[in-house]
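Right, one structure below, let's go through it.
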Amino acid sequence: MSDSNIVVVGGGFGGIYTVKNLAKKFKKNSGVKITLIDKNSYMTYMTELYEVAADRVDADAIQYDLQKLFCHRKNVNIVTDEVRNIDRKNKQVITKNGSYPYDYLVLSAGSEPNSFSTPGVEKYGYTLGSLEQAIKLKHAIEEHIRLGAVETDSSKRKSLLTLAVVGSGFTGIEMIGELID
């Protein structure tokens, strides 16, 4: 492989694993350029979001700077930008601020939480699929506890201090465990 552009969209576990392995495989081939594009300049350790929401760890503890992760890889370019489109005909990734030609493209854009249309979740609930959402949930939990601690009406207090978790995947189960603690 010579003079090839490999573009990886997504700086999560899959994207980072792919870029690390490609960078290692092609480290002696100066014709191979690898570009990692993500909307954030950091990788969020998604499986730890519940710990931020439960105020067990600081938000900084689950973020890893992408530039630091790849600073010793000469064949890797990190781009912080939002992907808007993939032009397959012209083999380009179009971002908010530019475009990146590719010979090979890896899409590893991640996932989003799904409420599965559970009644009330969209209107009253919080999702836990990003660092920003974890911080927002943490603040909401703190507010409910603060208000519940001083509420003298027992039914209002019970309402403020009753939390429901929708979803029994890894994050939901871990969140329940943290709330119990």
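Asp181 meets the salt bridge (charged side-chain N to carboxylate O under 4.0 Å, His left out) test with Arg56; sequence neighbours excluded. For Asn21, the side chain to side chain donor-acceptor pair (under 3.5 Å) criterion is met by no residue, not counting sequence neighbours. Here Asp103 pairs with nothing under the side chain to side chain donor-acceptor pair (under 3.5 Å) rule; sequence neighbours left out. Shown here are the ring pair (Phe, Tyr, Trp, His ring centres under 6.0 Å) partners of Tyr42, two or more places apart in sequence or in another chain: there are none. Under the salt bridge (charged side-chain N to carboxylate O under 4.0 Å, His left out) criterion, Arg157 pairs with no residue, sequence neighbours left out. In this view, Ser108 satisfies the side chain to side chain donor-acceptor pair (under 3.5 Å) rule with no residue, not counting sequence neighbours. Judged as a side chain to side chain donor-acceptor pair (under 3.5 Å), and not counting sequence neighbours, Ser154 has no contacts. In this structure Lys138 satisfies the salt bridge (charged side-chain N to carboxylate O under 4.0 Å, His left out) test together with Asp55, sequence neighbours excluded.
Among residues at least two apart or in separate chains, there is no ring-ring contact (aromatic ring centres under 6.0 Å, His included) pair with a member in residues 106-162. Here ring-ring contact (aromatic ring centres under 6.0 Å, His included) pairs that include residues 65-97, with residues two or more places apart or in two chains, number zero.
Asp153 and Ser155 form a side-chain donor-acceptor contact under 3.5 Å, judged by distance and modelled atom types alone. Side chain to side chain, Thr127 and Gln133 meet the donor-acceptor criterion of an N or O pair below 3.5 Å.
No donor-acceptor distance shorter than 3.5 angstrom exists from the side chain of Asp58 to the backbone of Ala61, with no hydrogens or angles considered. Checking side-chain atoms of Asn29 against main-chain N and O of Gly31 turns up a donor-acceptor pair under 3.5 Å. Although no hydrogens or angles enter the test, the distance criterion places a donor-acceptor pair under 3.5 Å between the side chain of Thr95 and the main chain of Gly98. Lys28 places no side-chain N or O within 3.5 Å of a backbone atom of Lys25 that could act as its donor or acceptor partner.
The 12-atom threshold is not exceeded at OH of Tyr17, counting heavy atoms of other residues, nucleotides or ligands nearer than 6.0 Å. Counting non-hydrogen atoms of neighbouring residues, nucleotides and ligands closer than 6.0 angstrom, the CD atom of Glu112 reaches no more than 12 such neighbours.
If you run side-chain contact (heavy atoms from CB on, under 4.5 Å) between Leu131 and each of Glu48, Met46, Gln63, only Gln63 comes through.
Contact of the Leu179 side chain with the Ile141 side chain is registered, since non-hydrogen atoms from C-beta on lie closer than 4.5 Å. Between Lys24 and Arg73 the shortest side-chain heavy-atom distance falls below 4.5 Å. A heavy-atom distance below 4.5 Å is not found between the side chains of Ile34 and Asn77. Val19 places none of its side-chain heavy atoms less than 4.5 Å from the side chain of Ile16.
Note that OG of Ser168 and CD1 of Ile173 are 5.5 Å apart. Values are rounded to the nearest 0.5 Å.
The other members of the hydrophobic cluster of Leu147, by chain and number, are Leu160 (side-chain heavy atoms under 4.5 Å, ILVMFWY only). Under a 4.5 Å side-chain heavy-atom criterion applied to ILVMFWY residues, the cluster that includes Val83 comprises Val7, Val9, Ile37, Val79, Ile86, Val93, Tyr100, Tyr102, Leu105, Leu107 as well.
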Test side-chain contact (heavy atoms from CB on, under 4.5 Å) applied to Asp38 and Thr80, step by step: CA-CA 5 Å; Asp38 194 271; Thr80 303; over 6 Å; no
Using the side-chain contact (heavy atoms from CB on, under 4.5 Å) rule, take Ile176 and Tyr50 through it: C-alpha gap first, then chi angles, then the decisive distance, then the call. CA-CA 9 Å; Ile176 289 170; Tyr50 70 92; over 6 Å; no
Hey, mind stepping through Ser41 and Leu66 against side-chain contact (heavy atoms from CB on, under 4.5 Å) and telling me if it holds? CA-CA 6 Å; Ser41 62; Leu66 293 174; 5.9 Å; no
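Nearest heavy atom pair, residue Gly15 against residue Val8, reads CA-CG1, 3.8 Å.
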